[in-house]
Protein chains: 2
Amino acid sequence: MELHEPELREVPVTAVLAALADDVRLQIVRTLAEGGEYACGTFEFGVSKATRSHHLKVLREAGLTRTRVAGTSRYVRLRRDELDRLYPGLLDAVLTTPATAPTGR
Amino acid sequence: MELHEPELREVPVTAVLAALADDVRLQIVRTLAEGGEYACGTFEFGVSKATRSHHLKVLREAGLTRTRVAGTSRYVRLRRDELDRLYPGLLDAVLTTPATAPTGR
DNA sequence: GCTGTTGTTCGACGTTAGTCGAACAACGGT
DNA sequence: ACCGTTGTTCGACTAACGTCGAACAACAGC
């Protein structure tokens, strides 16, 4: 099974931004930003596993994450270094923001 | 006519990112980033004026722009200082990227 | 070989977003 | 007063997105 993981510079900025412009995905990214690898099942943000799988796919195809297959599990990690190199400040800017949307919206 | 211009910190990050995650709006922001004010009509990016008006509204309501009414015209400018203060590196990261999407997509 | 676990894929559904033309509103000139 | 200019608003349409349950695939353990 070929994990489709594009080069970050091949991905349109708008796709990167769109990938980050979702609450569930942002929570995933926040978790990943703590460092290390996480199995997909780790992310329990009140969505079904189908939805979770979908979001992880969006992140992966936007060049934000790297996935390692091991047995029946898949371990995901943030491509932080590449991200910081190509878009310095982007991740930090997004991550240093209140976890929940400021206004309840 | 009340221009609805929210405080930047009242706007969810996801809304800011979503506002930037569109080609037309990104082109507008790129233009605005050159500094100064621009009348709405300045932005000719191959969309109708209805669509242009829509995009400017999205940018304004995401807290990205400030609009000054003068006669029949409206002058738009980037809220760069506030943006840089709340999301340091965000704008730079987004703007220092090739104008057109890397892959033709 | 079953069975359970872990994820992905496949419709399907409702919602939102981008787009347009047409109608409207506000202002400036003459 | 009448135009023309400049923008906004109003449906309407289509495409894309987030969501889910159900079916499927791959592996691990017994």
Side-chain angles (χ1 to χ4, degrees), chain A residues 1-6 11-29 31-32 37-62 64-77 100-101 105, chain B residues 1-6 11-29 31-32 37-77 101 105:
Chain A
M1 212 284 188
E2 316 72 40
L3 275 296
H4 174 202
E5 294 181 345
V11 180
V13 210
T14 47
V16 175
L17 293 169
L20 293 170
D22 177 276
D23 274 313
V24 177
R25 288 195 294 267
L26 207 44
Q27 289 184 69
I28 295 178
V29 170
T31 304
L32 290 175
E37 293 182 323
Y38 294 77
C40 302
T42 330
F43 309 106
E44 269 305 339
F45 298 124
V47 293
S48 74
K49 61 178 180 171
T51 303
R52 185 207 323 145
S53 190
H54 163 70
H55 286 310
L56 288 170
K57 183 178 182 183
V58 172
L59 289 174
R60 187 178 61 243
E61 297 190 339
L64 296 179
T65 61
R66 188 88 52 183
T67 303
R68 181 175 62 92
V69 181
T72 109
S73 292
R74 274 143 132 97
Y75 294 95
V76 184
R77 65 181 184 283
T100 322
R105 187 266 203 173
Chain B
M1 211 284 185
E2 316 75 37
L3 274 297
H4 174 201
E5 294 181 345
V11 181
V13 211
T14 47
V16 174
L17 292 170
L20 293 170
D22 177 276
D23 274 313
V24 177
R25 287 195 294 267
L26 208 45
Q27 289 184 69
I28 295 179
V29 170
T31 304
L32 290 174
E37 293 182 322
Y38 294 77
C40 301
T42 328
F43 310 106
E44 270 303 339
F45 298 123
V47 293
S48 74
K49 60 178 180 171
T51 302
R52 186 208 321 143
S53 190
H54 163 70
H55 285 309
L56 288 169
K57 183 178 181 182
V58 172
L59 289 174
R60 186 177 62 242
E61 298 192 337
L64 296 179
T65 61
R66 190 82 59 178
T67 303
R68 183 175 61 92
V69 181
T72 110
S73 292
R74 275 145 131 96
Y75 293 95
V76 184
R77 64 182 186 283
R105 187 264 208 171

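Proteins come first, then strands; the chains are lettered A, B, ... in the order of their sequence lines, and each starts at number 1.
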Whether [X] contacts [N] is assessed here as follows: a side-chain N or O lying under 4.0 Å from the phosphate OP1 or OP2. Is that the case?
X     : N      : answer
A:H54 : C:dC10 : no
B:S73 : C:dC27 : no
A:R74 : C:dT6  : no
B:T72 : C:dC27 : no
B:R52 : C:dC20 : no
B:S53 : D:dT8  : yes

Between [atom2] of [N] and [atom1] of [X], the distance in whole Å:
X     : N      : atom1 : atom2 : answer
A:D23 : D:dC17 : CG    : C1'   : 14 Å
A:K57 : C:dC10 : NZ    : C1'   : 11 Å
A:Y75 : D:dA26 : OH    : C1'   : 15 Å
A:D22 : D:dA16 : CG    : P     : 18 Å
A:Q27 : D:dG18 : CD    : C1'   : 14 Å
B:E61 : D:dT8  : CD    : P     : 11 Å
B:I28 : C:dG18 : CD1   : C1'   : 13 Å

Set of side-chain contact (heavy atoms from CB on, under 4.5 Å) partners for [X], sequence neighbours left out:
X     : value
B:S73 : B:Y75
A:V58 : A:A19, A:R25, A:H54
B:A50 : B:S48

> Checking all strands, does B:A18 fall into the base, sugar-phosphate, or nothing category for heavy-atom contacts under 4.0 angstrom?
Replying inline: nothing
>> Students often get this wrong, so: under 4.0 angstrom with heavy atoms, is A:V47 touching a base, only sugar-phosphate, or nothing?
In response: sugar-phosphate
> Of B:T42 and A:R25, whose nearest nucleotide on DNA chain D comes first from the 5' end?
Replying inline: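 The residue mapped nearer the 5' terminus is B:T42.
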>> Go nucleotide by nucleotide along DNA chain D from the 5' end; which of A:A70 and A:H55 gets its closest nucleotide reached first?
In response: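 Nearest-nucleotide comparison on DNA chain D picks A:H55.
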>> Restricting to salt bridge (Lys or Arg N to Asp or Glu O under 4.0 Å), what partner residues turn up for B:R68, sequence neighbours left out?
In response: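 Salt bridge (Lys or Arg N to Asp or Glu O under 4.0 Å) list for B:R68, sorted by chain: B:E37.
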> So, B:E5 side chain and B:T67 main chain: donor-acceptor pair closer than 3.5 Å or not?
Replying inline: yes
> Yes or no on side chain to side chain contact (heavy atoms under 4.5 Å, CB included) for B:V24 and B:T51, after CA distance, side-chain angles and deciding distance?
Replying inline: CA-CA 10 Å; B:V24 177; B:T51 302; 5.8 Å; no
> Got a sec, which pairs hit salt bridge (Lys or Arg N to Asp or Glu O under 4.0 Å) with one end in residues 49-59 of chain B, sequence neighbours left out?
Replying inline: B:E44-B:R52
Might you list the N or O atoms of the protein lying below 3.5 Å from N or O atoms in nucleotides 22-24 of chain C, with each pair's distance?
none

